[in-house]
Amino acid sequence: MSTPLEKTYQPGNSERQWYALWQESGIYHSEPSAETPYSILMPPPNVTGVLHFGHVLNNTVQDIYIRWARMNGRQACWFPGLDHAGISTQTKVEKELKGRGLTRHDLGREAFVNRVWEWKNTYGGIIFEQLRTLGISADWDRTLFTLDASASSAVQEVFITLFDEGLIYRGKRIINWSPLAQSALSDEEVIFREVREYMYTLRYHLEDGSGTLLVATVRPETIFADVAVAVNPKDERYRHLIGRNVIVPIAGRSIPIIADDYADPEFGTGCVKVTPAHDPNDYEIGIRHGLPMPQCINANATLNELAGEFAGLDRFVARKKVAARLEETELMERKEDYTHNVGFSERGEEAVEPYLSEQWFVRMEPLAAPALEAVRDGSIKFYPNHWVRTYEHWMGNVRDWCISRQLWWGHRIPVYYSSDGRQVAARTTEQARQKLGLAPDVDLRQDPDVLDTWFSSWLWPMATMGWKGPISQHEQPDPESDRLMSYYLPTNLLVTGPDIIFFWVARMIMASLKFNGQVPFKDVYFTSIVRDAKGRKLSKSLGNSPDPLGIIESYGADAVRFTMIYLAPLGMDVRLDINDKTQDIPSMELGRNFANKVWNACRFLQMKQHEVSADDASGGSAESYELTTADRWIASRYMTTVQSATTALTDYRITEYARLLYDFIWRDFCDWYVEVVKVQLAGAPSEHARRAILDHAFTIIDGTLRLLHPVMPFLTEELWHGLYGHDVSVSISTSTAPVCDTSVIDVATEERFETLQLVVEALRRQRSEMGIPPGERLDVHLNVRTQDVEFFTSQSAIISALGRCAALVIGSDVSKPEGSVSDVVRGVEIHLVVAGKIDFDKERARLSKEIVRLTGALAGVEKKLANASFVANAKPEIIEVERQKLADWTDTLEKLRRNLASI
RNA sequence: GGGCAGUUAGCUCAGUUGGUUCAGAGCAUCUGCCUUACAAGCAGAGGGUCGGGGGUUCAAAUCCCUCACUGCCCACCA
C-alpha cells in the first residue's frame, strides 16, 4: 500500500530526489532507433551565463515538447550545449586580472587562454545545474561546448570552404569598433539609443579668403581627419565653390569642396564635412571620390598625433576641448541641442566607434537566397508566423558579416600568411604550407584574430552531431556522426527568443542549407520576452531580475514552470509582478496553488482507496458497475480535455494547454467530480461498487497526470508513484501519453450534468442571497418536465448533498410551497423553502427584475426571428438555436410570473 | 523614415473559423464559511457600451478602412 500523502505539497526534496533518479536511470538519453525521432537543439547559454527567467520560459517550453514527444513513443533527443561567448567571457577574466594589476598582454596569449579555460572549468556552466533544478530533461550525455574539438573542427571546415569559394574575404572597411573590448563587432551587435548631444556649426574659411562655409557636425573632434567638404551638386548656394579649397578649423589643413548627392541641401547648412575613417557615410563618399582616409582616433578611442595638442585625450574629453577651442578662436558659428541615435555595443556600456580597419567578412547574399526560400515555401515554419516578415526583410537586405574579433578567446582564424604576402586558409600550419606549395621549414604567420562567437553557433545543428569532427579531418568517414545526422536532422523544433532571429536562427538556416543540404529545423517557436510589472526587460543592473532558483525554492519548480507557461502566450511579452525590494514574484502562487490542488485531489483519492482497501476482508469477485451520469460526464470532459490539449500543443498554443488542464482539474474534477465521488461512495451498495467508483476516478486521474506531466514533471511523478505504488525504477515520463478516444465524448451527458450543475448553483445563489449559512439544510422542491423526473430522481443524492437539501421533492407537477424562494433554470423550477427567513418584498423585487431582464432578452429573440433576412440568411442551426431560446425563455418567463403571483 | 505587434473588468491576460455556453479567467475587492482532499481552500457577489470613428453583414470583441496611443524590430541626415 502507498504511503499517505502530506497535507500540502512540499516540492523541495521530492524534486531533487526525482531528478537524481531520472539522471541515474538515463531515461533522457537518446540513441537512433527504429522509432520516429524527435529532436530539439537547446540554444546554448553563455558559459558565463546565470539562469534568468528568459531561460526558464524558453527551457520549459522545450522540455514540454521533448517530454510530450517521449511519451508519444518518439525517440526524443534534446541536445544541450554551452557557448564560449567570446567577448563576455574574455572581459570577465580580464576584469579579474585587472584586480591584480595585470592585463592579458602581461600573461601572453597562450597563458591567458589557459587562464580562461581554467575559469571555464571552475565557474562555467553553472546554468546547467540550475536547469536541472528546473527539471529539464535534456540528454546531458550529448552536451557540447562550442570550443570543444568537434565544434572547432566544424568551424575550421566551414571557414576553409567558404574561404576557398571566395565567400570569406578580408577587407579594409568601416566596421563597428568597441573601444572597451578593443575589437570589431558585427552590425547585429550594435544597438541604437537616443542621445542628447550638441550640433556644432563650424566655420570653414575658403582658402583664398573670399568667404566662409558653415558646416554642421556633432563630432568636432574628428575634424583632424577631415578630407573634404561635400555639397550637393544641385545646391545653387554652393555650386560655384565646388573644386575650391577650405581650411579645416584648428587643423589648418586645406581640403577640397566636392560635389556629392549625399549632401542634403535641406539639412543643416547643406555642407557636410567628410571624414572617411570615422563615419560610414563619409567612407562611402571617400570611396566614390578616391579621397585619402586618415584616422585621428586610436583603437582605444583616444585621439592620435593628427590631433596635435589634443592627442592622447579620450574622444569625449577631446570633443569638449576642441569645441571650447573652436569657440575661443571664433571658428564656431553656433552650438545647439541635438538629439539623435548613437550606436552602442550590445552590452550597452559604450558608444561604438566607426573604425576603419582590416577585417574578415562573409559574403552573405549567396547564402541568404536559399534560406529565404526555405521559410517562404514552408519548409520551415515560424510560430507566430508574423516573424516571417522580419526575417524576409533582413534576408532581403542582408549585409556582409564581419566575423573577425580582436580577441584571444575563441576559434582562431585559420588563415596563414607567408612572407611573400600570400594567404591561405588551412587547418594546420603544415596543411597551409602544402596549399601554398612551401617547404616544411618555411615560417608562416597565423592570423591573430578569432572568430565571432556566432560563427560557431550557426553550425550548431551539425556541430552537436559531430559533423566534420576530428575524425573526418583526416578525410575519413565518421559513421557515428553520419548516424546522428541522418536520424536527428532536421530537428523538429527550435525554441528561442525573437531577439536572436538574425544572430542565430537565420544564420543556422543558411549554414545548414549550404553545408548539409537541408533545413536545420522544421518549426521555430519564438518565446515571449519576459518583462517586469513596468514593462521593462529584466536585467541585473535594474535589480528587476530575481534569481529563479530563489523563486523555485519558495514555490517549487513545477509551480514556476506552470505559471510561466500559463502567463506567457505565444508571440506576446509576458509581464511578471516582480517586487523590486523582496525579489519575489507573487503571481507564482498561481502555479503553487494549482500544484497543491492537484496534490490534494490525489490525496483525497488515496485516502478513499485506503478506506476501501482496509475493508477488503469483505472480499468477493468483481461485479459489473454501471457508470453513473457523473462518471460518464467526467470521462467525457477528460477526453475533451485530452483532445483539445493535444491540439493546443500541436498548434504551439501552449498557454491554452496549461489553461485547459487548469480548468479541467480545478473546475471539473475537483469542484464537481470529487464532490460527486464522495456522494457516490457514501451511497454505494457494496465494497465492489466502492472500488469500481474509485477505479474510475483513478483512471481519470492517471490520464490527467500523464497529460500534465510535460509541464509539471516532478509533481506528477511524485503522485503517480504515490497513488499507484509504482517502483522507483519506472517513471511517468516514459509512460505513454493519453490518446483521445472520441467515443467517450458524450455531448448529451455533458449537457445533462450541466443542468444538474445549474440547479445546484441556483440553490447556492439563493441561499447566499438570503444570508443563510451554507451548512444549513433546507427543503427543496423541484418541478421538472415529465420526461426528466426519472433523471432528476436518480440524481437526488447528488443534488441533496451539493445543494444542502433537507427534504428533496422532485416531480412534474410540484407547486410552489409556502415560504419559498424560486428560480428557473433550463426549464427546471426550483423552490427553496426558507420559511421564516423570507423577505417578501426582496423576493418580489428579485423576481420582477429577472422577469424584466428576460422579457427584454425575449423581445430581442422575437425580433430576430421576425426578421425575414435573418431567417433567410442565417445557418439553419443558428435559427434553431434562436427558436429553442424563444421556447425556453417563454417557458421560464411563464413560470417566473406564476411564482411572483403566488407570493 | 520603413516594418511588425498590441489596446477587452482596478491589475495581468483568455476569447481558434463572425452566430448557443460571448462578454470570460486569475489576482484584487466585498459577503458568508475550518461543509468528512485542499484556508495554498470552499460557496456567493459587484465590476467592462471589448481604444475612438466609419464600413461590410440578418448578425461584429471577432472581418475591412481610418485615427489615436503603447511596445518591438530595421534604417541611421552631418
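For clarity, every value in this text was computed on a predicted model and none was experimentally measured. Scope of the values below: all heavy atoms of this structure, side chains included, with no hydrogens, waters or symmetry mates. Quick note on labels: first sequence line is chain A, next is B, and so on, each numbered from 1.
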Does [X] pair with [Y] as a salt bridge, N-O distance under 4.0 Å?
{"X": "Arg315(A)", "Y": "Glu221(A)", "result": "no"}
{"X": "Glu611(A)", "Y": "Arg690(A)", "result": "no"}
{"X": "Glu656(A)", "Y": "Arg659(A)", "result": "no"}
{"X": "Asp671(A)", "Y": "Arg667(A)", "result": "yes"}
{"X": "Arg575(A)", "Y": "Asp532(A)", "result": "no"}

In dot-bracket form, 5' to 3', how is RNA chain B paired? Count Watson-Crick and G-U wobble pairs only if both distances fall under 3.5 Å, and write | where the partner sits on another strand. (((((((..((((.....[....)))).(((((.......))))).....(((((..]....))))))))))))....
With sequence neighbours excluded, what pairs up with [X] under the ring-ring contact (aromatic ring centres under 6.0 Å, His included) test?
{"X": "Phe53(A)", "value": "none"}
{"X": "Trp672(A)", "value": "none"}
{"X": "Phe526(A)", "value": "Phe382(A), Trp387(A)"}

Under 4.0 Å between a side-chain N/O of [X] and OP1 or OP2 of [N], yes or no?
{"X": "Trp599(A)", "N": "rG41(B)", "answer": "no"}
{"X": "Arg764(A)", "N": "rG44(B)", "answer": "yes"}
{"X": "Arg653(A)", "N": "rU16(B)", "answer": "no"}

base_contact_polar (rC38(B) base, Lys597(A) side chain, donor-acceptor, <3.5 Å): yes
Using only modelled atom types and a 3.5 angstrom limit, is any donor from either the side chain of Glu675(A) or the base of rA37(B) paired with an acceptor on the other? yes
Would you confirm whether Arg767(A), through its side chain, and Glu776(A), through its main-chain N or O, come within 3.5 Å as a donor-acceptor pair? yes
Given 3.5 Å as the limit, does a donor-acceptor pair link the side chain of Asp279(A) with the main chain of Asp282(A), or not? yes
Identify all pairs in which a protein N or O lies below 3.5 Å from an N or O of nucleotides 28-31 of chain B, and state each distance.
none

When all nucleic acid strands are considered with a 4.0 Å heavy-atom cut-off, which category describes [X]: base, sugar-phosphate, or nothing?
{"X": "Arg603(A)", "answer": "sugar-phosphate"}
{"X": "Cys602(A)", "answer": "nothing"}
{"X": "Lys678(A)", "answer": "base"}
{"X": "Arg531(A)", "answer": "sugar-phosphate"}

If you check every side-chain atom of Val674(A), which of rC13(B), rA40(B), rA37(B) has the closest atom? rA37(B)
Between protein and nucleotides 4-11 of chain B, map the contacts as a letter string: B base, S sugar-phosphate only, - none, heavy atoms under 4.0 Å, written 5' to 3'. SS------
Please encode protein proximity along nucleotides 17-26 of chain B as a string of B, S and -, counting only heavy-atom distances under 4.0 Å. --BB----SS
Set of residues satisfying side chain to side chain contact (heavy atoms under 4.5 Å, CB included) with respect to Val861(A), sequence neighbours excluded: Leu865(A), Glu882(A), Lys885(A), Leu886(A), Trp889(A)
Qualifying residues under salt bridge (Lys or Arg N to Asp or Glu O under 4.0 Å), relative to Asp651(A), sequence neighbours excluded: Arg653(A)
Nearest 0.5 Å, please: how far is CZ in Phe594(A) from CG in Leu715(A)? 8.5 Å
Measure all distances between protein nitrogen or oxygen atoms and nitrogen or oxygen atoms of nucleotides 74-78 of chain B, and list the pairs falling under 3.5 Å.
from	atom 1	to	atom 2	distance (Å)
rA75(B)	OP1	Arg399(A)	NH2	3.2
rC76(B)	OP1	Arg399(A)	NH1	3.1
rC76(B)	N3	Asn341(A)	ND2	3.0
rC77(B)	OP2	Asn281(A)	ND2	3.2
rA78(B)	OP1	His340(A)	ND1	3.3
rA78(B)	OP2	Tyr338(A)	OH	2.3
rA78(B)	O2'	Ala216(A)	O	2.8
rA78(B)	N6	Asp264(A)	O	2.7
rA78(B)	N6	Phe267(A)	O	2.3
rA78(B)	N1	Asp264(A)	N	3.0

Partners passing side chain to side chain donor-acceptor pair (under 3.5 Å) against Asp187(A) (at least two apart in sequence or in another chain): Asn176(A), Arg399(A)
Pairing residues for Glu197(A) by the side chain to side chain donor-acceptor pair (under 3.5 Å) criterion, not counting sequence neighbours: Arg319(A), His340(A)
